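Notes for the one structure printed next.
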Amino acid sequence: SQQGEEDPQALSIQEGENATMNCSYKTSINNLQWYRQNSGRGLVHLILIRSNEREKHSGRLRVTLDTSKKSSSLLITASRAADTASYFCATDDGQGAQKLVFGQGTRLTINP
Amino acid sequence: KAGVTQTPRYLIKTRGQQVTLSCSPISGHRSVSWYQQTPGQGLQFLFEYFSETQRNKGNFPGRFSGRQFSNSRSEMNVSTLELGDSALYLCASSLEASGRYGTQYFGPGTRLLVL
């Protein structure tokens with residue numbers, strides 16, 4: 001079963017604009033991770049945020065985590081055509097198991 | 001360091017056959033996890049191995065099995081293939097022993113088509 005639910009399912013924006021994707025989850029977690037996947041290839045790890053962190057930055061990426069609302073957001077600033085991909089949030093099971101529970105993903109398209 | 005590698009990259013099988021997929025983790029990583037990705041069900045956890053022991057298992061039938069060798073390389077096996085087993089199978093490795101702070105690094109996947 002899916003723990004994380006991404007919103008929106010699909011997002012299309014112009015190059016240079018910012019893209020925001022949201023993720024909600026159901027149970028308590030130790031950390032939340034965001035991954036990118038290009039055209040059915042492997043997943044590329046973007047960023048990990050721990051449950052005691054509220055915000056994290058990595059280059060053009062900004063991730064927030066609100067454990068009270070069980071939600072996270074991924075912001076990509078100044079988008080580029082190369083950012084076109086599917087983005088997934090993944091949580092652990094809250095019990096320390098090395099097991100990721102993924103959402104269905106957001107399909108992001110950057111138009112030139 | 002070399003990333004996670006998976007072989008083969010593509011595979012075509014027929015119903016009833018069995019298949020073995022291989023995964024080599026990043027050097028030094030002892031945890032290897034397997035995931036199945038389909039358009040309908042998305043990414044689903046299959047199982048995780050650490051130090052040659054299966055530590056966690058997802059909700060998949062017994063036809064799906066795996067093992068890990070002393071060098072941390074892992075294989076997964078699917079017996080009596082069904083059409084619904086067609087999927088992208090992803091392997092991930094992690095340095096941490098637990099999922100508490102564990103970033104998992106994924107391989108490129110093996111795309112299995114069952115005819």
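All values below were derived from every heavy atom in this structure, side-chain atoms included, with hydrogens, water molecules and symmetry-related copies excluded. Predicted model only: the values in this text are computed from it and were never measured. All chains are named by letter (A, B, ...) in the order of the sequence lines, taking the proteins before the strands, and each is independently numbered beginning at 1.
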Kindly check if the number of other-residue, nucleotide or ligand heavy atoms within 6.0 Å of [atom1] ([X]) is above 12?
| X | atom1 | answer |
| --- | --- | --- |
| R41(A) | CZ | no |
| E15(A) | CD | yes |
| R63(B) | CZ | yes |
| R60(A) | CZ | yes |

What about [X] and [Y], same hydrophobic cluster or not, with Ile/Leu/Val/Met/Phe/Trp/Tyr joined at side-chain heavy-atom distances under 4.5 Å?
| X | Y | result |
| --- | --- | --- |
| L11(B) | V4(B) | no |
| L95(B) | W34(B) | no |
| I26(B) | L21(B) | no |
| F64(B) | V101(A) | no |
| L32(A) | M21(A) | yes |

Under 4.5 Å from any heavy atom of chain A - which part of F47(B):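 It is neither, since no heavy atom gets under 4.5 Å.
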Examine whether an atom of R9(B) lies under 4.5 Å from a heavy atom of chain A, and if so say whether it belongs to the side chain, the backbone or both; otherwise answer neither.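 Answer is neither: R9(B) stays 4.5 Å or more from chain A.
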If you define the side chain from C-beta out and look only at heavy atoms, does anything of L43(B) sit under 4.5 Å from L43(A)?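 Counting from C-beta outward, L43(B) and L43(A) do come under 4.5 Å.
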Give me the atom names and distance for the closest heavy-atom approach of Q104(B) to K99(A).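 Closest heavy-atom pair between Q104(B) and K99(A): NE2-N, 3.9 Å.
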Side chain to side chain donor-acceptor pair (under 3.5 Å), that's the test. Do Q37(A) and Q37(B) meet it? Break it down for me. CA-CA 12 Å; Q37(A) 185 178 41; Q37(B) 186 178 28; 2.8 Å; yes
Between Y35(B) (side chain) and L100(A) (backbone), is there a donor-acceptor pair under 3.5 Å?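 Yes: the side chain of Y35(B) pairs with the backbone of L100(A).
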Sort by residue number and list every residue of residues 81-92 of chain B having at least one heavy atom under 4.5 Å from chain A.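 The list, in residue order, reads L88(B), L90(B).
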Look at the rings of H45(A) and Y105(B) and say which category their plane angle falls in: under 30° parallel, 30 to 60° tilted, over 60° perpendicular.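 Answer is tilted, since the angle falls between 30° and 60°.
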